[in-house]
Amino acid sequence: MYPDQYVRVKGFPWCRDAAKEVRIETLTQPILCEKHNNQLGNEVDWAAKHSLEAISQAVELMNRRQLVRSRHWNIKHFETDMLLLERWCIKALINMNHQGRMKYVDDSEPENPPHELVELVFGRRRITDHKGLYIIANVGVTHTVTEGQLQTTVMSKDERLVGAHFMLWGIPFYLNLLPTQVTRDNLSLVLPTNNVSFMRQGMKQVFSTRDDKNRDVKSHVLTFTYPE
């Protein structure tokens with residue numbers, strides 16, 4: 001997930017107003033035993049990388065195909081596992097906040113994250129409210145996918161950690177730690193358009209191009225799976 005061992009971070013007390021690029025080892029701590037660290041690495045880390053590769057492939061295919069005025073495409077299908085990617089993002093945020101030193105929304109200290117979040121990371125609990133990971137879909141916006149590009153902007157309210165905006169390989173996600181619904185209006189994110197959707201489980205992104213008569217032509221489908 002960190003091929004060049006750097007990540008850009010913003011929103012913690014030491015990088016409140018401007019993103020800073022830091023080496024990943026300065027943000028992480030060996031807070032897990034070898035058994036549990038290997039468990040998450042083999043399951044969650046691998047799945048997160050696989051999902052990002054699927055998303056980047058779908059975006060790159062769209063960028064190529066939209067340059068061609070075709071009336072028919074061989075429709076391709078891409079799939080992500082949003083549950084495992086969600087678990088990875090929660091894990092990453094907990095780890096970074098161990099150094100970021102922000103209390104969680106329930107007043108838990110950075111070195112003692114909420115039990116619920118820990119259980120979510122290990123797959124022992126499932127989210128039943130509006131918490132969780134959402135992909136930010138911006139209508140009409142073209143994303144440039146860069147493998148290994150990682151940026152995190154943590155979101156706070158009353159000096160409590162309530163979520164994080166992840167740019168994973170150039171694709172925008174939002175991890176919500178509050179039980180309330182995520183909307184553009186209740187986030188202080190700089191989003192490029194007004195046509196923004198927060199997509200989570202049971203969603204499909206259909207990619208279309210235009211033919212020589214300016215008609216929509218279905219190109220490929222990206223499915224955001226969220227297992228029952």
Side-chain angles (χ1 to χ4, degrees), residues 1-2 5-37 39-41 43-45 48 82-136 150-168 172-191 196 198 200-201:
M1 293 295 291
Y2 304 97
Q5 297 301 303
Y6 280 90
V7 63
R8 289 178 61 81
V9 182
K10 180 182 176 183
F12 287 120
W14 48 272
C15 55
R16 182 80 69 190
D17 300 320
K20 292 186 178 181
E21 186 173 73
V22 295
R23 288 191 63 82
I24 190 62
E25 67 264 21
T26 66
L27 283 177
T28 57
Q29 291 288 318
I31 57 179
L32 291 176
C33 68
E34 183 177 357
K35 173 185 175 181
H36 288 99
N37 188 59
Q39 176 184 336
L40 290 181
E43 180 181 7
V44 178
D45 292 358
M82 285 291 284
L83 176 59
L84 289 173
L85 188 57
E86 179 178 82
R87 288 170 60 189
W88 182 86
C89 287
I90 297 173
K91 169 195 166 185
L93 186 59
I94 288 174
N95 211 332
M96 286 188 285
N97 192 45
H98 200 270
Q99 291 288 84
R101 310 303 302 165
M102 291 184 68
K103 285 189 175 182
Y104 291 90
V105 67
D106 68 345
D107 279 335
S108 297
E109 296 294 337
E111 64 275 8
N112 187 29
H115 187 64
E116 177 191 19
L117 294 186
V118 176
E119 289 198 321
L120 289 173
V121 170
F122 282 95
R124 297 171 182 168
R125 178 185 294 202
R126 295 288 293 275
I127 293 171
T128 57
D129 52 26
H130 295 289
K131 298 187 189 78
L133 184 68
Y134 297 78
I135 187 167
I136 304 174
L150 295 161
Q151 179 168 328
T152 303
T153 302
V154 299
M155 310 298 291
S156 61
K157 182 177 181 180
D158 299 326
E159 299 301 317
R160 301 295 187 269
L161 183 62
V162 298
H165 180 213
F166 286 90
M167 289 294 290
L168 305 178
F173 293 85
Y174 184 72
L175 177 62
N176 180 36
L177 300 185
L178 294 174
T180 52
Q181 187 172 3
V182 182
T183 67
R184 178 190 177 97
D185 294 335
N186 60 22
L187 294 179
S188 56
L189 295 177
V190 178
L191 300 173
V196 174
F198 293 90
R200 191 162 178 241
Q201 57 195 76

Asker: Going by the rule side-chain contact (heavy atoms from CB on, under 4.5 Å), which residues pair with K103 if we only count those two or more places apart in sequence or in a different chain?
Answerer: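 Partners of K103 by the side-chain contact (heavy atoms from CB on, under 4.5 Å) criterion, ordered by chain and then number, come out as D107, E109, R160.
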Asker: Is there a side-chain contact between L177 and L93 (heavy atoms, below 4.5 Å)?
Answerer: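 The answer is yes, as the side chains (C-beta and beyond) meet within the 4.5 Å cut-off.
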Asker: Kindly determine whether W88 and V121 satisfy side chain to side chain contact (heavy atoms under 4.5 Å, CB included), including the steps that lead there.
Answerer: CA-CA 7 Å; W88 182 86; V121 170; over 6 Å; no
Asker: To the nearest 0.5 angstrom, please state how far the OH atom of Y104 sits from the CG atom of L117.
Answerer: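 One finds 6.5 Å between OH of Y104 and CG of L117.
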Asker: Let me see the working for Y174 and V182 under side chain to side chain contact (heavy atoms under 4.5 Å, CB included), right down to the final yes or no.
Answerer: CA-CA 9 Å; Y174 184 72; V182 182; 4.0 Å; yes
Asker: Which heavy-atom pair separates L84 from V44 by the least distance, and what is that distance?
Answerer: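 Scanning both residues, the minimum pair turns out to be O-CG1, 3.7 Å.
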Asker: Kindly write out the residues that satisfy side chain to side chain donor-acceptor pair (under 3.5 Å) with D158, not counting sequence neighbours, or none if the list is empty.
Answerer: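 Scan of D158 (side chain to side chain donor-acceptor pair (under 3.5 Å), adjacent residues dropped) gives none.
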Asker: Considering all heavy atoms of both residues, which atom of T152 and which atom of M96 are nearest to each other, and what is their separation?
Answerer: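 Looks like OG1-CE, 3.6 Å.
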Asker: Hey, does the side chain of N176 reach the backbone of H130 with a donor-acceptor pair shorter than 3.5 angstrom?
Answerer: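 Answer holds: yes.
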Asker: Output all residues satisfying side-chain contact (heavy atoms from CB on, under 4.5 Å) with Q151, sequence neighbours left out; order by chain, then residue number.
Answerer: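 Q151 satisfies side-chain contact (heavy atoms from CB on, under 4.5 Å) with R8, A19, T153, M167 once adjacent residues are dropped.
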Asker: Out of L120, I94, D106, which one pairs with P114 under the side chain to side chain contact (heavy atoms under 4.5 Å, CB included) rule?
Answerer: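 Answer after filtering L120, I94, D106: D106.
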Asker: How far apart are the closest heavy atoms of M102 and N97, and which atoms are they?
Answerer: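 Between these two residues, the closest heavy atoms are O-ND2, 2.8 Å.
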Asker: Could E119 and R125 be called an ion pair, given the rule that one side-chain N must be under 4.0 Å from one carboxylate O?
Answerer: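 Result for this pair is yes, salt bridge flagged.
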Asker: To the nearest 0.5 Å, what is the distance between CZ (R124) and NE2 (H115)?
Answerer: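 Answer for the CZ-NE2 pair, R124 versus H115, is 8.0 Å.
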Asker: Should H165 and L175 be marked as a side chain to side chain contact (heavy atoms under 4.5 Å, CB included) after you check the CA-CA gap, both sets of side-chain angles, and the distance that decides it?
Answerer: CA-CA 6 Å; H165 180 213; L175 177 62; over 6 Å; no
Asker: Please find the pair of heavy atoms, one from V154 and one from L161, that lie closest to each other, and give the distance.
Answerer: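 Scanning both residues completely, I find the closest heavy atoms to be CB-CD1, 3.7 Å.
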Asker: Grab the two heavy atoms, one from I135 and one from P172, that are nearest each other, plus how far apart they are.
Answerer: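 What the structure gives for the nearest pair is CG1-O, 3.5 Å.
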Asker: So do the side chains of F173 and C89 get within less than 4.5 Å of each other, counting heavy atoms only?
Answerer: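 Heavy-atom side-chain distance check fails, nothing below 4.5 Å.
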Asker: Do D129 and L178 have side chains that get closer than 4.5 Å, going by heavy atoms?
Answerer: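 In short, these two side chains do not touch, never coming nearer than 4.5 Å.
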Asker: Just so I know, are the side chains of L85 and L83 near enough to count as touching, which here means a heavy-atom distance under 4.5 Å?
Answerer: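 Side-chain contact under 4.5 Å: no.
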